Amino acid sequence: MNRKKITKAALSGLVAVTMVPAMAAPLVANAEGNDATAETTNKQVTVTVDFVLESGQMVKQVDVTLNADTYDDYSVLAASVPQGYEMVTKGQQWTAVEDGALTVVVKKVATTTPTPDVDRMITISYFTADGNMVTSKEVAFKDLNVEKVDEGNISLSEIPALQGYNIVAARKGMIGDFNITGDILNQWEAYSTIDVLVEKEAVNTVQMNVRFVDRAGGFIGGGDYFLPEGVQKRTILEEYLPEGYQLAENGDFMVVEGGSVDITVESIYDGTTLNFAFVDANGNEVGGGDVIVDTDKDGIFSWSEIAEIIPEGYKLELGGDAFVADYIGGNNTITVSKIYNSTIVNVQFIDENGTVVGGGDYFVDEDGDGIFNASELELPVGYKLNGGGDYFVTDTDINIPVTKINKGTIINVVFKDPQGNNLGGGDYLVDVDGDGIANYSELDLPVGYKLNVTGDFFVEEGGHYTVVLNRDGAAIIHVVFKSEGGKNLGGGDYFVDEDGDGIFNYSELTLPEGYELIVTGDEFVDTEKTYEIVLNKEIEGTIINVVYVDQEGNNLGGGDFFVDPDDDGIANYSELDLPEGYELSVTGDFFVTPGKSYTITLHKITEEETAAATLVVRYVDQENGNEVVLEKTYNDQVGPVGETATYIEDVVVPEGYELVQDIEGIAADVEYGQTKVMYVFVTKTAQEPTQPGDEEEPNTPAEGTEESEQTDGTNTGVAMSLAGVFGTMSAALAGMVALLRRKQK
């Protein structure tokens, strides 16, 4: 509060207490209560004039610019009297000084109120104490239900109520001269806007359990929350929604202490992403990855929706529908079965002499009818069927008659890829015309491969030949994806290298959703090898759900958090945001699985609140009444809020000044967290007169120091400039000075 406002507060308080009809105290006074005549000059000064009713009620406050002079009456203020009022205070001498204050009593002039226009629209604006407008509305005067207008006044009771708020009072001085005092709206007929001060209705807050579920009723998240009691809109829960979800329904719900409610939510995405890891009957991982399901957001998905990520050559035994909530978060391990397109039978080939010339296990009966034909079998090199026909796959001893082919040359062939990897081979009957020349086309190649060279080549009986082949189309390689932290991210069999040159590029692989390659470029194809490929997560961190509880098991909230930025499957408790006022009971690392929920116990922080106690000492010029020439602040004592600190400080005399009253020290008790202001009165050091007769009469010094009443940093009363006040307080101030001296001694 500045000096001007301090003086205004002192004057206004005096009028309200004494009920003096007219008040025009000199603006400069000494401690003995004698009037001190102000220096008369022609300079312009600003005086704050409070026009009040005889009851002390404020009508209007006006800043008036006048010559710095002493006036015999108030006629100079006539032009500043509020419209519709006249002065009650008559002739009384007063002095105008810079930043002075004056109180003048007025009364309302009796006038004839014009008949109001009942169809006239009035804008009512509703403001909160911090100056923010809640809303405004237009109403016709006739809708205010005012049956009679008395001198143009409307009671606040006729102002339309605002839902959720109480009307406290009307705000004054918002528009022109429009003032509202107490319960009365003055001069309404001259203006079209009324400003009203409101405060929000008190709302009782209770604790209630909220479960967020999908449309199928599957639990997604939730907890105990503090909510306003009564009927509430679902939108008040938006701040508590699980990550990636939004409200699925509108409308209201009832909030009651200790109650529970299920709130339906849906994914903000076009479906929900689930992760599956597929294993065979022996538990070996054969693939997996992320897949988007439940695009209609009903909380249910069909197993057919994950067909796209089932490993090649395998089938899913599950069918029908499942709840999304049962599979949210983590790797869901699903067993798949190998697909066999045929039946394995054991066959022996017998020549015409009854000798076994070959045999083994063969895949037959691709149509699955239980019958196969001998023509489906691969015969020993140099032999042909001796008859043939159909056989049942269930037969235990299957002997196939064959006969030796006498024409041609038997050679041994080894097939290799361009990198030198063995692709198989065996004995082959070639050169059926016996001219010693065979053609590469006479060879039966491994499935999925084609010749790298064509044409003829020389052969001899029993010779060994190496033939280089290219794949005929893509190769199948087995890949396991892992994170930088070593966590398994799925994988499976992938088709690569369509041109069959034995080289594939990492870009040919389908990566798990949310990950990207660290290493790029080409790699040799090895169908027997398992490729372990490390990936980088596009969005760092793992999403987990955390529920905080106290040591008694009470729910403290929680939610979804990003942790484990290096994706090694290990997070640290320090990565979590804790509820205010609580701290971890345990620290360190813990293993995390994406989407999994973790319950973490916290304990309440009971640390005592501390603050500084602040003492402000202001040195005030006695002659000017309210001019601060020096201010010292002491705030080095810090302690528990609510307790008291004691300051004992030396008096600092400003340069060019001397104390009005000899004071050896300043002592004050100040609560921690509060500020207290004390005043020390000084006067300028007397100077020797230059000529006889020029001496000025010395001012009578004021008593000691004066302490202001202050609890929150704002002065509520400073007795500085009223002569009458100094007169009544002189004895108390003298006692305070004596106390200070005793404490210093």
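Not measured: the values here are computed from a predicted model.
At most 12 non-hydrogen atoms from other residues, nucleotides or ligands lie less than 6.0 angstrom from CG of Asp397. At most 12 non-hydrogen atoms from other residues, nucleotides or ligands lie less than 6.0 angstrom from CD of Glu528. Applying the 6.0 Å contact sphere to NZ of Lys233 captures no more than 12 heavy atoms from other residues, nucleotides or ligands. Enclosure of atom CG in Asp390 by more than 12 non-hydrogen atoms of other residues, nucleotides or ligands within 6.0 angstrom is indicated. Within 6.0 Å of atom CD in Glu317, more than 12 heavy atoms from other residues, nucleotides or ligands are found, so the atom counts as buried in its surroundings.
The CD1 atom of Ile544 sits 10.0 Å away from the NZ atom of Lys596 when rounded to the nearest 0.5 Å. Interatomic distance, Leu241 CG to Gln246 CD, rounded to the nearest 0.5 Å: 8.5 Å. Rounding to the nearest 0.5 Å places OG of Ser337 at 10.0 Å from OH of Tyr314. Summarising the geometry, atom CG belonging to Asn275 is positioned 7.5 Å from atom CD1 belonging to Ile309; distances are rounded to the nearest 0.5 Å. Between atom CG of residue Leu578 and atom CD of residue Glu583 there is a gap of 9.0 Å, rounded to the nearest 0.5 Å. Here the CD1-CD1 distance, from Ile220 to Ile263, works out to 13.5 Å after rounding to the nearest 0.5 Å.
Under the 3.5 Å distance criterion, the side-chain polar atoms of Asp550 are left unmatched by any main-chain donor or acceptor of His603. Checked by atom type and distance alone, the side chain of Asp560 pairs as donor or acceptor with a backbone atom of Glu243 at under 3.5 Å. Side chain of Ser585 to main chain of Thr601: a donor-acceptor pair is present (N/O by atom type, distance under 3.5 Å, no hydrogens or angles). Between the side chain of Tyr440 and the main chain of Asn452, no donor-acceptor pair closer than 3.5 Å is present. The closest donor-acceptor contact from the side chain of Asn536 to the backbone of Glu516 lies at 3.5 Å or more, if one exists at all. At least one donor-acceptor pair under 3.5 Å links the side chain of Asn555 to the backbone N or O of Gly557. Using a distance-only test at 3.5 Å, with no hydrogens or angles considered, no donor-acceptor pair links the side chain of Asp522 to the main chain of Ile503. Judged by distance alone, the side chain of Ser302 and the main-chain N or O of Ser304 form a donor-acceptor pair under 3.5 Å. No donor-acceptor pair under 3.5 Å is formed between the side chain of Arg215 and the backbone N or O of Gly299.
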Verify side-chain contact (heavy atoms from CB on, under 4.5 Å) between Val345 and Ile398, making sure each step is shown before the conclusion.
CA-CA 8 Å; Val345 296; Ile398 303 176; 4.3 Å; yes

May I have the step-by-step check of side-chain contact (heavy atoms from CB on, under 4.5 Å) for Asp294 and Leu274, ending in yes or no?
CA-CA 10 Å; Asp294 186 28; Leu274 300 180; over 6 Å; no

Leu489 and Tyr515: side-chain contact (heavy atoms from CB on, under 4.5 Å), yes or no, with the steps?
CA-CA 9 Å; Leu489 303 175; Tyr515 289 85; 3.4 Å; yes

Applying side-chain contact (heavy atoms from CB on, under 4.5 Å), run through Thr542 and Phe562 and close with a yes or a no.
CA-CA 5 Å; Thr542 300; Phe562 276 102; over 6 Å; no

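A 4.5 Å side-chain heavy-atom check between Val592 and Ile570 finds every atom pair outside the cut-off. Put simply, the side chain of Tyr383 does not reach to within 4.5 Å of the side chain of Thr403, judged on heavy atoms. Taking the side chain as every heavy atom from C-beta outward, Phe278 and Glu285 never approach each other to under 4.5 Å. Side-chain contact check for Asp224 versus Asn554: every heavy-atom pair is 4.5 Å or farther apart. Within the 4.5 Å cutoff, no side-chain heavy atoms of Asn470 are placed close to those of Asp417. Side-chain contact between Leu451 and Leu469: present, with at least one pair of heavy atoms (C-beta onward) separated by less than 4.5 Å. Annotation: side chain of Phe481 is not in contact with side chain of Val534 (no heavy-atom distance under 4.5 Å). In this structure the side chain of Ile334 reaches within 4.5 angstrom of the side chain of Leu318, judged on heavy atoms.
The minimum heavy-atom distance between Tyr391 and Pro401, with the atom names listed, is OH-CD, 4.0 Å. Asp564 and Glu575 make their closest contact through N-OE1, 2.8 Å (heavy atoms, listed as atom of the first residue, atom of the second, distance). Nearest approach of Asp431 to Ile437, heavy atoms of both residues: OD1-O, 3.3 Å. The shortest non-hydrogen separation linking Asn572 to Phe590 is C-CE2, 3.9 Å. In plain terms, the two heavy atoms of Tyr327 and Phe323 that are nearest each other are CD1-O, 3.4 Å. Counting all heavy atoms, side chain and backbone alike, Lys416 lies closest to Leu423 at C-CD1, 3.6 Å.
Aromatic pair Tyr598/Phe561: centroids not less than 6.0 angstrom apart. Aromatic ring centres of Tyr465 and Phe457: separated by under 6.0 Å. Ring centroids of Tyr428 and Phe415 are separated by less than 6.0 Å, placing the two rings close together.
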Between side-chain atoms of residues 253-262 and protein atoms elsewhere (two or more places apart, or another chain), which donor-acceptor pairs fall under 3.5 Å?
from: Glu257; atom 1: OE1; to: Gln207; atom 2: N; distance (Å): 3.4
from: Ser260; atom 1: OG; to: Asn209; atom 2: OD1; distance (Å): 3.4
from: Asp262; atom 1: OD1; to: Arg211; atom 2: NH1; distance (Å): 3.0
from: Asp262; atom 1: OD2; to: Arg211; atom 2: NH1; distance (Å): 3.1

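Residues passing the side-chain hydrogen bond (donor to acceptor under 3.5 Å, both in side chains) test with Ser597, sequence neighbours excluded: Asn545. Residues satisfying the side-chain contact (heavy atoms from CB on, under 4.5 Å) criterion with Leu517, sequence neighbours excluded, are Tyr506, Leu511, Thr520, Ile533, Leu535.
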